[in-house]
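Notes follow the structure.
Residue numbers count from 1 along this sequence.
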Amino acid sequence: MRYSSLLLLALPTLFITSCINDDTVSYADWEQENTKFVADAANERNSDGTLKYTRLSPDWAPNAFTLVKWENDRSLTEKNLRPMSNSVVRVKYDLESIDGTRISDSYSSTTYGDSIYQTRPNQNITGFWNCVTNMHVGDSVTCIMPYMSAYGSTGNGTIKPYSTLVYHIKLVSIPAYELPLQ
């Protein structure tokens with residue numbers, strides 16, 4: 001009787017341990033796949049040999065970099081306003097994983113009309129904050145955020161741990177700058 005009780009206690013422990021190990025292995029593979037995706041993007045080149053993505057690292061978090069590719073002619077927007085960390089910004093965005101699976105977008109749930117997401121850069125993940133504060137109004141970018149600039153090793157909701165995020169962002173406006181001074 002005593003041994004059967006111990007066996008009954010040991011079986012759930014073995015089952016739980018095996019499940020934990022399975023998750024760790026699958027996340028290790030996922031982490032490796034995401035790390036390779038970032039490394040490949042960082043080395044991707046345009047037809048003229050220049051790097052396709054610019055690596056941006058904020059001074060306050062040098063290891064939390066993002067890779068940014070401007071989709072517009074920056075010379076046309078370089079004199080436009082650029083947000084600060086605590087500015088209210090209005091953006092349009094699509095968010096996907098490295099395999100192209102759509103995670104979120106501003107088009108399906110908007111509160112400011114015309115598919116606009118309104119936020120402050122410093123109220124978002126580090127990668128989004130870093131990316132948006134390096135844009136000018138009118139810029140459109142593809143921004144690759146390694147997991148250390150996104151949700152890290154824990155993930156968030158449907159976003160798995162170690163997930164690299166690919167944002168397509170257009171900075172539409174910085175509303176407070178557009179109001180007349182009183």
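- Between Met148 and Asn63 the shortest side-chain heavy-atom distance does not fall below 4.5 Å.
- At a threshold of 4.5 Å between non-hydrogen side-chain atoms, the residues Leu67 and Thr54 do not count as touching.
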(request) Start with the C-alpha gap between Ile174 and Val88, add the side-chain angles, then the distance that decides, and say whether side chain to side chain contact (heavy atoms under 4.5 Å, CB included) holds. (result) CA-CA 6 Å; Ile174 307 170; Val88 173; 6.0 Å; no
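- Within the 4.5 Å cutoff, side-chain heavy atoms of Ile103 are placed close to those of Leu165.
- Using a 3.5 Å distance cut-off with no hydrogens or angles, the side chains of Tyr147 and Glu31 do pair a donor with an acceptor.
- For Ser140 and Asn72, the side-chain atoms include no donor-acceptor pair closer than 3.5 Å.
- Trp70 and Leu81 fall within the same hydrophobic cluster, defined by Ile, Leu, Val, Met, Phe, Trp and Tyr side-chain heavy atoms under 4.5 Å apart, directly or through other members.
- The NE2 atom of His136 sits 9.5 Å away from the CG atom of Leu171 when rounded to the nearest 0.5 Å.
- Nearest heavy atom pair, residue Ser115 against residue Ser106, reads O-OG, 2.8 Å.
- Side-chain contact between Val89 and Ser173 is absent, with no heavy atoms from C-beta onward closer than 4.5 Å.
- Note: the hydrophobic cluster containing Tyr53 does not contain Trp129 (ILVMFWY, side chain heavy atoms under 4.5 Å, direct or indirect links).
- Looking at Val91 and Val172, their side chains never come closer than 4.5 Å, going by heavy atoms from C-beta outward.
- The side-chain heavy atoms of Ile144 and Phe37, taken from C-beta on, include a pair separated by under 4.5 Å.
- Using a 4.0 Å cut-off between charged side-chain N and carboxylate O, Arg102 and Asp94 make a salt bridge.
- Remark: side-chain polar atoms of Ser149 are paired, donor with acceptor, to backbone N or O of Phe65 under 3.5 angstrom.
- Scanning both residues, Thr133 and Pro121, for their nearest heavy atoms gives CG2-CB, 3.8 Å.
- Every residue meeting the salt bridge (Lys or Arg N to Asp or Glu O under 4.0 Å) condition with Lys69, not counting sequence neighbours, appears here in chain and number order: Glu71.
- The two atoms that bring His168 and Thr142 nearest to each other are ND1-OG1, 3.2 Å, heavy atoms only.
- Applying the 6.0 Å contact sphere to CG of Asp48 captures more than 12 heavy atoms from other residues, nucleotides or ligands.
- Looking at Asn156, its side chain never comes within 3.5 Å of a backbone N or O of Ile159 through a donor-acceptor pair.
- The nearest pair of heavy atoms linking Val166 to Ser97 is CG2-O, 4.4 Å.
- Screening Thr164, Thr66, Asn43 for a side chain to side chain contact (heavy atoms under 4.5 Å, CB included) involving Val38 leaves a single residue, Thr164.
- Shortest non-hydrogen contact noted between Asn134 and Arg82 is OD1-NH2, 3.5 Å.
- Residues forming a side chain to side chain contact (heavy atoms under 4.5 Å, CB included) with Lys160 (at least two apart in sequence, or on another chain): Tyr27, Trp30, Ser163.
- Between Cys131 and Leu56 there is no side-chain heavy-atom pair separated by less than 4.5 Å.
- You'll find the side chain of Arg45 reaches within 4.5 Å of the side chain of Leu51, heavy atoms only.
- Side-chain polar atoms of Asn86 and Asn122 form no donor-acceptor pair below 3.5 angstrom.
- A donor atom on one side chain and an acceptor atom on the other are not found under 3.5 Å apart for Thr77 and Asn80.
- Gly127 and Cys143 get closest at one heavy-atom pair: O-SG, 4.4 Å.
- Tyr117 and Asn124 share a donor-acceptor pair across their side chains, judged by distance under 3.5 Å alone.
- Ring geometry for Tyr93 against Phe128 counts as perpendicular: the plane angle is over 60°, on a 0 to 90° scale with 30° as the lower cut.
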